[in-house]
Protein chains: 2
Amino acid sequence: MLHSSTIHESLTAVFQVRHFDGGPELAVLLWQRALDPQKGTWSLPGGTLRDEEDLTSSARRQLAEKVDVRDVAHLEQLSVFSDPKRVPGPRRIASTFLGLVPLTTDPTLPDDTAWHPVSRLPEMSFDHGIVVDHARVRLAAKLSYTNIAFALAPREFAMSTLREIYCAALGYDVDATNLQRVLNRRKVLMPTGTTASPGRAGGRPAALYRFTDSAIRVTDEFAAFRPRT
Amino acid sequence: MLHSSTIHESLTAVFQVRHFDGGPELAVLLWQRALDPQKGTWSLPGGTLRDEEDLTSSARRQLAEKVDVRDVAHLEQLSVFSDPKRVPGPRRIASTFLGLVPLTTDPTLPDDTAWHPVSRLPEMSFDHGIVVDHARVRLAAKLSYTNIAFALAPREFAMSTLREIYCAALGYDVDATNLQRVLNRRKVLMPTGTTASPGRAGGRPAALYRFTDSAIRVTDEFAAFRPRT
DNA sequence: TCAAAAGTGTTCGAATTACACCCATGG
DNA sequence: CCATGGGTGTAATTCGAACACTTTTGA
């Protein structure tokens, strides 16, 4: 059967923990549509798949070309949106992605592009709001049983910084003591031996840590029904 | 940019717990290619996406039309395979799925189609072996923190039967006592009040149970870093 | 010496495993 | 009454939450 033109696009929810009024928050990168359809609404970065590239390469390329974001420490597939009527005009099948950018990088963005805290999203284009929700749920889940936080953290960091990252990404408070204990038992952190100098208010200097891996790894596979040891 | 013809297809790893020599095992539905390329290798059921349907409908339709499997109790997306060279000829982007069929159904299959235990897969076509691996990992993970077993179990069943299903799907032994306790605490099972008659060797009649939900539900969300209550 | 921030230790409760023991039925 | 399978009770262990206490710095 011959098909009418179907476009395959990637859409990426790029997350970064950023400082807003009221402390650090999880933010997502969006650009505002200058033209109809849905002029003025905010969209996820992405674009059309080329003949010679796969979807992951395509998503990376879109981020580098269009919004100049090159420092994506982790990128993974979410689900495919394939409803024939999800956007007006010719059919567009969207493969969606979750992308993570470390705390310290601050790319220069085009004029129409900005970081938005996920707790206060603007009016979103088409089904892009659903994609952001999926990405948040996926990130929160993986923070609990993988080392995925490596992609949100700087290369070296104090435990208090890592705690801020977890709190912002999860949307609720996490105890620094237990965070350290859990990550230590799972061997996802390494002490660097160095310390940070305390702030102007004084206080004990914080030891600096680093993630042992720079790729995602499952650290707590089974909640129940483990294989017998 | 105009694209050369790109076909979008669905591929589904359909799993069922079936009886083989040596007891129940997790099995996957495969068909054998009668023509080149890769004549003789075994493939997952699937096919081309139509203009008016989304991918999930397409996957369901392929299973009903081509292998006459209608009783798919659960179907969910796995990842997309989009390498331009994943198959010879025109580009085919494959959206892959995990499908589950209850223990009791036994569909009549075409001649080229058969159930294979996942522990002893035949030579697989293209990247279809990878899809089966993804599906196994996903199923094992979700057995631990969701009620997904409802889609592998008959409507009513004894705990010993459910235990066999878990053991087969996970690939290792599970304690029946703890299985019952965990599923009870999570309120995924309901007693039916009826009992099964014992086998020829005697023994106490088994109470029959039923899953409370007939759709997937997360029953144990966070392993670590729960929100404060 | 005090406040602030970092790090350590301890207790409590919940979840999971492992295993012993009791119950119901057929022969 | 005994073998066979179904079901219940319980100790041991592990894990995470909560919180008090100690350590190290700047003012």
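Proteins come first, then strands; the chains are lettered A, B, ... in the order of their sequence lines, and each starts at number 1.
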Problem - Side-chain-base donor-acceptor pair under 3.5 Å for A:R181 and D:dT14 - result: no

Exercise for the section: Could you work out which one of C:dA24, D:dT25, C:dT16 sits closest to the side chain of A:P205? Expected result: D:dT25

Completion exercise
Out of C:dA6, D:dA18, D:dG7, minimum distance to the side chain of B:M159 belongs to D:dG7

Problem - Salt bridge flag under 4.0 Å for residues A:D106 and A:R18 - result: yes

Practice task
Identify whether the distance between the nearest side-chain nitrogen and carboxylate oxygen of B:R136 and B:E25 falls below 4.0 Å.
Solution key: no

Nearest-Å distance for atom pair [atom1]/[atom2], residues [X] and [N]:
X: B:E164; N: D:dG5; atom1: CD; atom2: P; value: 12 Å
X: A:R226; N: C:dT16; atom1: CZ; atom2: C1'; value: 6 Å
X: A:F157; N: C:dG7; atom1: CZ; atom2: P; value: 12 Å
X: B:Y145; N: C:dT16; atom1: OH; atom2: P; value: 15 Å
X: A:D173; N: D:dC19; atom1: CG; atom2: C1'; value: 15 Å
X: A:R163; N: D:dA17; atom1: CZ; atom2: P; value: 13 Å
X: B:Y166; N: C:dT17; atom1: OH; atom2: P; value: 12 Å
X: B:F222; N: C:dA14; atom1: CZ; atom2: C1'; value: 17 Å

Fill in the blank from the handout: Contacts of A:A206 and A:T177 projected onto DNA chain C by closest heavy atom; the upstream (5') one is A:A206

Problem - Side-chain N,O (B:R186) to OP1/OP2 (C:dT16) below 4.0 Å - result: yes

Fill in the blank from the handout: The answer to which of B:A158 and B:F225 contacts DNA chain D further toward the 5' end, by nearest nucleotide, is B:A158

Completion exercise
Nearest-nucleotide check on DNA chain D, A:R204 vs A:V182; residue mapping nearer the 5' end is A:V182

Exercise for the section: Classify the angle between the aromatic ring planes of B:H74 and B:F150 as parallel (below 30°), tilted (30 to 60°) or perpendicular (above 60°). Expected result: perpendicular

Handout entry: Whether B:F157 and B:F211 hold their rings parallel, tilted or perpendicular, with breakpoints at 30° and 60°
Key = tilted

Exercise for the section: Have a look at B:A223 and say if it touches a base, only the backbone sugar-phosphate, or nothing, with a 4.0 Å heavy-atom cut-off. Expected result: sugar-phosphate

Practice task
Give one of base, sugar-phosphate or nothing for B:A207, where a contact means two heavy atoms less than 4.0 Å apart.
Solution key: sugar-phosphate

Problem - Nearest-0.5 Å distance, CG of residue B:L29 to CG of residue B:L63 - result: 7.5 Å

